[in-house]
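To keep things clear, I will list the structure first and then write my remarks on it.
A quick note: this is a predicted structure, and the numbers were derived from the prediction, not measured. The chain is numbered in sequence order, starting from 1.
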Amino acid sequence: MTNNNNITPKCTLYLAPSTIPNAGLGVFTSIALPSGALLPGGGDAAIPISDLDFHNAGSHNAEDYHWLPSEYSWSPSSLGDVMDYEADQTSGLSWGYGALPNCHFWMINVEESKCDYDTVGITPRNSPGAGAFTGHYNRLAHASEDIRAGGELFVSYGENWFVTRENYMGLIPAGEDFEVGEEFVKKVGLLFQSLSVGNEVQADIWTMIINYPYKSRPLAALPKTYDAAIRAIDVGITQTEEEQAIHSLEYLEQHGKCLDHIQPKNSTIPHAGRGAFATRFLPKGTVVSSAPLIHIPDRDILIMYADSDDGETRDPSKPIGQQLLLNYCWGHSSSSLLLCPYSHGTPYINHDGKDPNVKIQWMENDERYHNSSWLNEPVSFFDSVWTTNLMFEYVALRDIQEGEEVLVDYGREWEEAWNDHVKAWKPDEDYVSPHDLNTNLDLPLKTHEEGASMYTNIDGFHTDARNGERKIHRIRARRPYQKNQDDGFVYDLEVIGSGNQVKRVNGATRSQMHFFHKPYEADIFREGSFRHEMMIPDEMFPSAWRNL
């Protein structure tokens, strides 16, 4: 094995072919990471997808419509406390560590935190950018055990993820299946010891075992080759799998794509929210980011509709907006196809139509990352494709300094749409931010008599050790209390107790209360929130995809 210690890595995080057979691409670290270490690349964001089945009058699980983003989506509860409150049925598309790493239940070595929620001070009161970007951000990844340099990173998708995909993924072993496999390998080792046969016969026996016609998850957990089986007999399946889940640093530098040239910070562009910034000096021509693309063949899937008169179904004659995901995808005016990048930091890259420092281009000369034949397929081809195999490269147009914001041209149509939106935008002077109420504890709350109707779009909750979390029905009174280190007041509340009974709570402090937007009242649902895809340049857009 190559001595990785003799090489100074140019990058600490790589996208490269996975060590799991038939698993496509994986994520690798070029440096050793101790358990508990924060992984490079910065925190990922999550884009909420709301009531998708309702708006499409069907079920994407039943494949009534094509929705590849489901392969990269997470439950709202795994992404933070806020997303759960935003709509009746929500999932979150989380890029970076939430989409790129593979899952190997016997070698999970990365854990992800929940998102924070913050719109960096951009609200409907002060900015036309309100509702145009996700506030769910800073989903951090940590090593859950020691990871060797060159090691592949594995996250847990949850066992149910594979169970619901057996029809095309087969039987994927879970943790308990590897335990069964471990015991079986030990017994095979004892069998080999008791037989007076050579390696060739032992190899035939092992081949017969793994080709057993009645498939099962424990069978799928066994080493696939005789040599790997002999190694597993000596040291166990765990160490055998770990030894195979590694690339040399030479391999990563030659075949991998750097994932940590950029990291998220608050953007320097007005109204943009967060942006992507260079983590190191990037000379002209550097591939700043390699971004796999999720395809959406029919962009109309993202249209959101008003309720019909029965309140149970959509009214297809009343479109009211589009999913926020549209703002994070690339498209073309002559096509129904959208392409959505999900690499580390790439969706943070903002627009500059005058002096961008990167451009997008198709990856070339490596079919493992980018299947160029797909550029010649019609859009209908993608209706039956449930994997990603297209990739953009974001290439530096000039030298980019460390700490400089990375910017790309979204296209003339996007810029014109944004300028029209800014001209038409009007501030909402009555807007109250739940985030401000949660973070600025010096801000006194209004009582019901003082005009707490200003909180009509907000749900409040009171939590104490005895009763847990209860919804606030009304703020009855506010009383000065000098010992309170929050806003100098305590509050008398009415809360909804068990059986929907209204109960009184006296002397509540701000730190005992938490606030969320009511369902469908978050900024992303507001009428007129900006929506427009980024535009793929005409000269690189395939003619085969022009279906409009």
Side-chain angles (χ1 to χ4, degrees), residues 11-16 18 23-31 33 37-49 68-76 78-80 83 91-103 108-118 133-144 147 151-157 256-267 273-279 287-294 324-325 327-330 339-350 369 388 391-394 406 408:
C11 186
T12 55
L13 196 68
Y14 284 92
L15 185 68
S18 176
L25 303 175
V27 179
F28 296 80
T29 174
S30 67
I31 58 174
L33 295 169
L38 180 67
L39 270 60
D44 298 320
I47 305 166
I49 311 294
L68 182 59
S70 64
E71 304 297 284
Y72 304 90
S73 297
W74 297 81
S75 67
S78 68
L79 295 175
M83 195 178 293
S91 63
L93 177 60
S94 179
W95 62 68
Y97 291 110
L100 293 172
N102 287 309
C103 176
I108 302 300
N109 54 17
V110 171
E111 292 182 351
E112 297 170 277
S113 69
K114 294 185 177 182
C115 292
D116 295 328
Y117 185 85
D118 182 9
F133 63 92
T134 179
H136 305 276
Y137 80 111
N138 202 34
R139 192 182 189 213
L140 300 171
H142 294 81
S144 57
I147 307 174
E152 184 167 2
L153 307 184
F154 298 106
V155 301
S156 175
Y157 295 176
K257 311 299 178 183
C258 187
L259 290 175
D260 67 345
H261 281 328
I262 55 178
Q263 65 181 355
K265 296 180 181 179
N266 291 352
S267 178
R274 295 180 177 84
F277 292 78
T279 59
V287 177
V288 175
S289 179
S290 299
L293 302 167
I294 297 171
L324 178 62
L325 179 59
N327 288 3
Y328 293 91
C329 299
W330 291 81
L339 298 174
C340 312
Y342 62 93
S343 190
H344 269 292
T346 306
Y348 283 121
I349 297 176
N350 286 315
Y369 293 91
T388 62
M391 187 171 290
F392 280 162
E393 292 180 329
Y394 291 72
V406 175
V408 69

Minimum heavy-atom separation for Leu140 to Gly43, with atom names?
CD2-CA, 3.6 Å
Would you indicate whether the side-chain heavy atoms of Leu93 and Ile294 approach each other to under 4.5 Å?
yes
Short question: side chain of Asn102, backbone of Gly24 - any donor-acceptor pair under 3.5 Å?
no
Do the ring planes of Trp74 and Tyr157 sit parallel (below 30°), tilted (30 to 60°) or perpendicular (above 60°)?
perpendicular
Does the side chain of Pro341 reach to within under 4.5 Å of the side chain of Trp95, using non-hydrogen atoms?
no
Write down the atom of Ser113, the atom of Arg139, and the distance for their closest heavy-atom approach.
O-CG, 2.9 Å
Do Cys103 and Ile108 touch side chain to side chain, with heavy atoms closer than 4.5 Å?
yes
Would you give the length of the straight line joining atom SG of Cys340 to atom OH of Tyr72, rounded to the nearest 0.5 angstrom?
11.5 Å
Considering residues at least two apart in sequence or located in another chain, which fulfil the side-chain hydrogen bond (donor to acceptor under 3.5 Å, both in side chains) criterion with Glu111?
none
Shortest non-hydrogen separation from Leu324 to Pro48 and the atoms involved:
CD2-CD, 4.2 Å
Evaluation steps, side-chain contact (heavy atoms from CB on, under 4.5 Å), between Ser18 and Leu25
CA-CA 5 Å; Ser18 176; Leu25 303 175; 6.0 Å; no
How about Tyr342 and Thr388: does a side-chain donor come under 3.5 Å of a side-chain acceptor?
yes
Could you check if a side-chain atom of Leu79 sits within less than 4.5 angstrom of a side-chain atom of Lys114, using non-hydrogen atoms only?
no
Side-chain contact test, heavy atoms from C-beta onward, threshold under 4.5 Å: evaluate it for Thr134 versus Cys115 and give yes or no.
no
Which heavy atom of Ser91 sits nearest to which heavy atom of Pro76, and what is that distance?
CA-CD, 4.3 Å
I need the Tyr369 OH to Met391 CE distance, nearest 0.5 Å.
7.0 Å
Does Leu100 form a side-chain contact (heavy atoms from CB on, under 4.5 Å) with His344? I'd like the steps, not just the answer.
CA-CA 8 Å; Leu100 293 172; His344 269 292; 3.9 Å; yes
Over all heavy atoms of both residues, which pair between Pro101 and Gly96 is shortest? Give the atoms and the distance, please.
CD-O, 3.6 Å
Is there a side-chain contact between Val406 and Tyr394 in this structure, where contact means two heavy atoms from C-beta onward sitting under 4.5 Å apart?
no
Considering non-hydrogen atoms only, spot the tightest contact between Pro40 and Leu13 and give its length.
O-CD2, 3.9 Å
If you define the side chain from C-beta out and look only at heavy atoms, does anything of Tyr348 sit under 4.5 Å from Ile262?
no
Rounded to the nearest 0.5 Å, what separates atom CG in Leu325 from atom CD1 in Ile49?
4.5 Å
Using the side-chain contact (heavy atoms from CB on, under 4.5 Å) rule, take Val408 and Trp330 through it: C-alpha gap first, then chi angles, then the decisive distance, then the call.
CA-CA 12 Å; Val408 69; Trp330 291 81; 4.2 Å; yes
Would you compute the distance between atom CD of Glu393 and atom OG1 of Thr346 and round it to the nearest 0.5 angstrom?
11.5 Å
Show, in sequence, the C-alpha distance, side-chain angles and deciding distance for Cys11 and Asp260, and conclude whether the side-chain contact (heavy atoms from CB on, under 4.5 Å) test is met.
CA-CA 7 Å; Cys11 186; Asp260 67 345; 2.7 Å; yes
Nearest 0.5 Å please: distance from the NE2 atom of His136 over to the CG atom of Asp44.
14.5 Å
With sequence neighbours left out, write down each residue that passes side-chain hydrogen bond (donor to acceptor under 3.5 Å, both in side chains) with Arg274, or none if nothing qualifies.
none
My understanding is that only one of Pro292, Ser289, Ser290, Ser343 makes a side chain to side chain contact (heavy atoms under 4.5 Å, CB included) with Lys257; could you say which?
Ser290
Considering only heavy atoms from C-beta outward, does the side chain of Thr29 approach that of Thr12 to under 4.5 Å?
no
